[in-house]
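As structure tokens, the structure follows; a few thoughts come after it.
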Amino acid sequence: MNDFHEAVLSIEVESSLAKVYKKAIEAENSPYRENCNGNHAHVQVENDDYRTGMNTLVISLLSHTLPNLQETIEWYERMGAKVIRTNYKGEN
């Protein structure tokens, strides 16, 4: 959709905490928050690896405001996330 900037990231977390991370990330990027950052997030829990005890979280982010989205992406990268894909309005 041409009205949103988009990003998809992935990060590994302990399986026992995957659902908590999902809930926290989605709440942190909720438009219903008092101090909304302008981003919307959906988190999918994937790849439950019983050998390592880790899950992969796939974080999809949307925002009308590119600087807010880029700041969020940079923060997640510092926390160990990998950028899978970005699609910024006007980017070819």
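Position 1 is the first residue of the sequence; numbering continues from there.
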For E12, all residues meeting salt bridge (charged side-chain N to carboxylate O under 4.0 Å, His left out), sequence neighbours excluded | none
Salt bridge (charged side-chain N to carboxylate O under 4.0 Å, His left out) partners of R78, counting only residues at least two apart | none
D48: partners by salt bridge (charged side-chain N to carboxylate O under 4.0 Å, His left out), with sequence neighbours left out | none
Restricting to pairs with a member in residues 48-87, which pass ring pair (Phe, Tyr, Trp, His ring centres under 6.0 Å), not counting sequence neighbours?
-> F4-H64
What are the two closest heavy atoms between G38 and S63, and how far apart are they?
-> O-OG, 3.1 Å
Any chance you could measure N55, atom CG, to S10, atom OG, to the nearest 0.5 Å?
-> 12.5 Å
Is L17 reachable from V45 through a run of hydrophobic residues whose side-chain heavy atoms are each under 4.5 Å from the next?
-> yes
Can you pull the ring pair (Phe, Tyr, Trp, His ring centres under 6.0 Å) pairs that have at least one residue in residues 18-49, sequence neighbours excluded?
-> none
Mind checking side chain to side chain donor-acceptor pair (under 3.5 Å) for E77 and listing every partner two or more places apart, or none if nothing turns up?
-> none
Residues in salt bridge (charged side-chain N to carboxylate O under 4.0 Å, His left out) with R51, at least two apart?
-> D49
Only counting residues at least two apart or in another chain, list the ones meeting side chain to side chain donor-acceptor pair (under 3.5 Å) with T72.
-> N39
For the student: nearest non-hydrogen atoms of A81 and I11, plus distance = N-CD1, 3.7 Å
Quick note, salt bridge (charged side-chain N to carboxylate O under 4.0 Å, His left out) partners involving residues 61-76, not counting sequence neighbours, are none
Just jot down the side-chain contact (heavy atoms from CB on, under 4.5 Å) partners of V8, sequence neighbours excluded, or say none.
-> V58, S60, I84, R85
Qualifying salt bridge (charged side-chain N to carboxylate O under 4.0 Å, His left out) pairs with a residue from residues 21-33, counting only residues at least two apart or across chains | K22-E26
Heavy-atom nearest pair, C36 first then S30, reads SG-O, 3.6 Å
Would you confirm whether T65, through its side chain, and P67, through its main-chain N or O, come within 3.5 Å as a donor-acceptor pair?
-> no
Exactly one of T86, L62, L61, N29 clears side chain to side chain contact (heavy atoms under 4.5 Å, CB included) with L69, and that residue is L61
If you count the non-hydrogen atoms of other residues, nucleotides and ligands that lie under 6.0 Å from CD in E14, is the total more than 12?
-> no
With sequence neighbours excluded, what pairs up with N68 under the side chain to side chain donor-acceptor pair (under 3.5 Å) test?
-> none
When hydrophobic residues are tied together by side-chain contacts of less than 4.5 Å, even through go-betweens, does V20 share a cluster with I59?
-> no
